[in-house]
Trainee: 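I am attaching a structure below and will ask some questions about it afterwards.
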Amino acid sequence: MNELVVETKNLNFSYSKNKNDIQDLELKVPKGSIYGFLGPNGSGKSTSIRLILGLLKKNSGTVALFGELFNEQSRLNVLNKVGALIENPSLYEHLNAIDNLKISANYRQNISSNRIQEVLETVNLTKAKNKKIKEYSLGMKQRLGLAISLLSNPELIILDEPTNGLDPKGIIEMRTLIKDLNKKFGTTIFISSHLLSEIEKTCTHVGIIRNGKMLYQDTVASLKDSKGTNIKVEIEVDNPNEGVSVLKNLKMENISLLDDLLQIEVKNKNEITDVIDVLRTEGIHIYQVTIKNNLEELFLSLTEN
Amino acid sequence: MSTIVYYTASLKNELIKLKRTFAFWLTIISAILFPILFFIAYIFEHKTLVPAAGVNPWGKFMVTQIENSTPFFIPMFIVLVTSLIMQIEHKSLGIKHLFALPVPKSSIYFGKLSIVILAIIVTYIYYYIAILLSGVLLGFVYPDLGFLNFQPEHFQYLKILMTSFVASLGIIGIQFWLSFRFKNFVIPLGFGMFLAIIGIIVSQAPQQSIYFPYSFSVLSVSLGDKMPLIFGISSVTIFSILCFLITSIFGYFNIKKLNIK
């Protein structure tokens with residue numbers, strides 16, 4: 001049986017009386033996983049994270065971390081094993097990175113100054129360690145927030161939209177860092193994001209939430225399998241209209257034009273070659289063939305009604 | 001880990017957070033403001049202020065200064081400095097981070113409250129040193145004022161300051177809770193300033209205002225010998241300490257249960 005690091009049962013919460021912000025949420029985050037918590041803006045991702053960390057008082061249900069019910073008695077013990085970055089990082093802007101890390105280290109106790117240097121190195125901020133946070137860019141702040149959550153070598157890291165405000169290079173670095181932590185130390189990582197591509201590239205498990213309800217929860221692999229057997233292909237040709245009529249003769253399903261690009265669905269990858277052959281015999285030039293990621297569409301169909 | 005360890009860690013961190021903040025400078029500015037004004041007044045008026053032979057000039061200099069500035073100024077200073085110290089936390093979105101750390105919420109609340117009280121005590125100390133220095137300086141500039149010929153009676157002046165500090169504890173409890181509770185600093189600041197002014201006005205009617213914490217600072221000085229006593233202790237002192245204990249404990253339980261958005 002797979003051990004669960006985070007488990008919520010029948011979790012309910014509302015900010016106001018007439019609206020349920022979180023409904024019967026059943027999160028299951030297995031140990032050693034990278035769990036992607038996916039949902040559109042305002043779907044209740046941050047609220048769920050705050051409930052897990054005990055920042056909000058749940059209306060009903062239970063939260064268990066590391067198999068231990070989260071309550072007043074277990075709070076310190078449980079939080080000791082957690083590092084969290086909740087939305088915008090909490091940083092003292094008038095202080096430098098070292099001071100900011102020192103503050104968290106003092107609160108957590110038993111954290112050496114070597115460890116402070118280490119996490120700065122990990123997030124690539126050693127050069128800027130004596131700069132005031134005021135002078136940091138959004139991406140640097142995000143990285144320092146991550147460094148703070150890494151300080152205590154936690155067993156579980158909770159990151160709320162960690163790639164917010166990062167440039168493409170920063171996003172790739174963050175992704176590598178998350179994977180490394182998971183691989184080297186077996187750290188369980190819980191990431192929330194509204195970007196499917198992000199979750200798909202990083203995570204082993206996924207939970208999709210909308211309007212405070214869990215719509216889907218499983219491994220990323222089975223999400224990919226569940227999307228149906230057809231492969232969607234997009235083809236750029238010199239004469240799209242002729243292309244459509246040629247392909248229609250082939251009696252293929254779901255042929256359409258979108259922004260002058262041919263859209264077709266094939267049953268397997270071999271059929272792609274067939275399609276190309278047919279187009280080429282008709283003298284149509286092909287500039288590009290792309291297999292479309294229909295996880296994106298699945299995500300949209302799951303989250304739009 | 002014991003409560004003491006958590007509490008000292010919290011204190012240490014609060015001191016780091018105060019570095020280079022306006023709250024830190026406010027303690028110094030507030031402390032030297034009135035001594036500078038009195039120094040200037042003595043410079044201009046020194047002819048009329050030369051004491052009779054054999055009279056200690058320190059008595060008049062210290063007592064008038066303390067009694068005419070501290071009671072009115074201290075409540076406003078407390079309102080301002082408490083809001084500023086809490087704003088450091090609110091501005092950095094720190095509370096959600098702090099409350100997700102493996103640290104008892106009590107060590108955070110009372111650690112911060114202790115730092116606010118410490119900042120106020122430090123201001124009193126700076127203030128006292130500043131008055132003494134301005135007196136000595138006047139003695140050098142105008143020897144006929146006699147400041148260098150007499151010793152200040154420290155015990156008498158420190159007693160007034162001590163009474164004024166204890167009388168302010170009540171509003172420290174209220175203002176600290178408000179500043180912690182509301183992210184928007186206009187709420188504790190506006191509320192506090194308004195009541196501080198009301199406190200000065202209603203202190204004209206001591207019989208009623210003796211139950212109003214924002215008047216305690218003025219009453220502790222203005223009532224003098226007429227101060228009603230409870231078990232031989234000034235009633236303003238007792239009410240102020242009670243108000244402080246009740247609001248601090250109530251404030252802590254309120255903050256502990258708060259949803260951190």
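So you know, we letter chains A, B, ... as the sequences are listed, proteins then strands, and number each from 1.
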Trainee: Which residues, numbered in order, of residues 157-180 of chain B come under 4.5 angstrom of chain A by heavy-atom distance?
Mentor: none

Trainee: Count the heavy-atom pairs under 4.5 Å between each of A/Leu55, A/Leu91, A/Ile148 and chain B, then report the option with the highest count.
Mentor: A/Leu55

Trainee: Tell me the salt bridge (charged side-chain N to carboxylate O under 4.0 Å, His left out) pairs involving residues 66-91 of chain B, sequence neighbours left out?
Mentor: B/Lys17-B/Glu89, B/Glu89-B/Lys112

Trainee: Does any non-hydrogen side-chain atom of B/Phe99 lie less than 4.5 Å from one of A/Leu79?
Mentor: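 No, side chains not in contact.
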
Trainee: Can you confirm whether more than 12 heavy atoms, excluding those of B/Phe185, are under 6.0 Å from its CZ atom?
Mentor: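 Count not over threshold, so no.
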
Trainee: Is the number of heavy atoms from other residues, nucleotides or ligands under 6.0 Å of A/Glu121 CD greater than 12?
Mentor: no

Trainee: Quick one: does any side-chain atom of B/Arg20 pair with a main-chain N or O of A/Leu95 as donor and acceptor, under 3.5 Å?
Mentor: no

Trainee: Could you check whether any side-chain N or O of A/Arg50 sits under 3.5 Å from a backbone N or O of B/Asn259, counting only pairs where one atom can act as donor and the other as acceptor?
Mentor: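 No, A/Arg50 side chain to B/Asn259 backbone: no donor-acceptor pair under 3.5 Å.
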
Trainee: Which members of residues 248-258 of chain B, sorted by number, sit under 4.5 angstrom from chain A on a heavy-atom basis?
Mentor: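 So the qualifying residues are B/Lys256, B/Lys257, B/Leu258.
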
Trainee: Under 4.5 Å from any heavy atom of chain B, what part of A/Lys132 do you find: side chain, backbone, both or neither?
Mentor: side chain

Trainee: Mind ranking B/Ile88, B/Val103, B/Leu98, B/Thr21 by heavy-atom pairs under 4.5 Å with chain A and telling me who comes out on top?
Mentor: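 Result: the option with the highest number of such pairs is B/Val103.
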
Trainee: Count the heavy atoms of every other residue, nucleotide or ligand shown that sit under 6.0 Å from NZ of A/Lys31, and state whether that count exceeds 12.
Mentor: no

Trainee: Tell me whether B/Lys183 at atom NZ has more than 12 heavy atoms from other residues, nucleotides or ligands lying less than 6.0 Å away.
Mentor: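 No, the 6.0 Å shell around NZ holds no more than 12 heavy atoms from other groups.
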
Trainee: Has A/Arg108 got a side-chain atom pairing as donor or acceptor with B/Leu101's backbone, closer than 3.5 angstrom?
Mentor: no

Trainee: First locate atom CD1 of B/Ile95, then atom OG of A/Ser90, and finally report the distance between them rounded to the nearest 0.5 Å.
Mentor: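 The OG atom of A/Ser90 is 9.5 Å from CD1 of B/Ile95, to the nearest 0.5 Å.
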
Trainee: Quick check on the interface: out of B/Thr8, B/Asn13, B/Leu93, who has the most heavy-atom pairs with chain A under 4.5 Å?
Mentor: B/Asn13

Trainee: Looking only at heavy atoms and a cut-off of under 4.5 Å, which of B/Lys261, B/His97, B/Lys96 has the most pairs with chain A?
Mentor: B/Lys96

Trainee: Which members of residues 12-20 of chain A, sorted by number, sit under 4.5 angstrom from chain B on a heavy-atom basis?
Mentor: A/Phe13, A/Tyr15

Trainee: Taking atom OG of B/Ser10 and atom CD1 of A/Ile103, what is their separation to the nearest 0.5 Å?
Mentor: 10.5 Å

Trainee: So A/Lys102 and B/Lys12, do their side chains get closer than 4.5 Å, heavy atoms only?
Mentor: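 SC-SC contact between B/Lys12 and A/Lys102 ruled out.
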
Trainee: Specify which of A/Glu87, A/Lys81, A/His94 makes the most heavy-atom pairs with chain B at under 4.5 Å.
Mentor: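 Counting heavy-atom pairs under 4.5 Å, the top option is A/His94.
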
Trainee: Taking all heavy atoms of B/Gly94 and all of A/Tyr92, pick out the closest pair and write down the distance.
Mentor: CA-OH, 4.5 Å

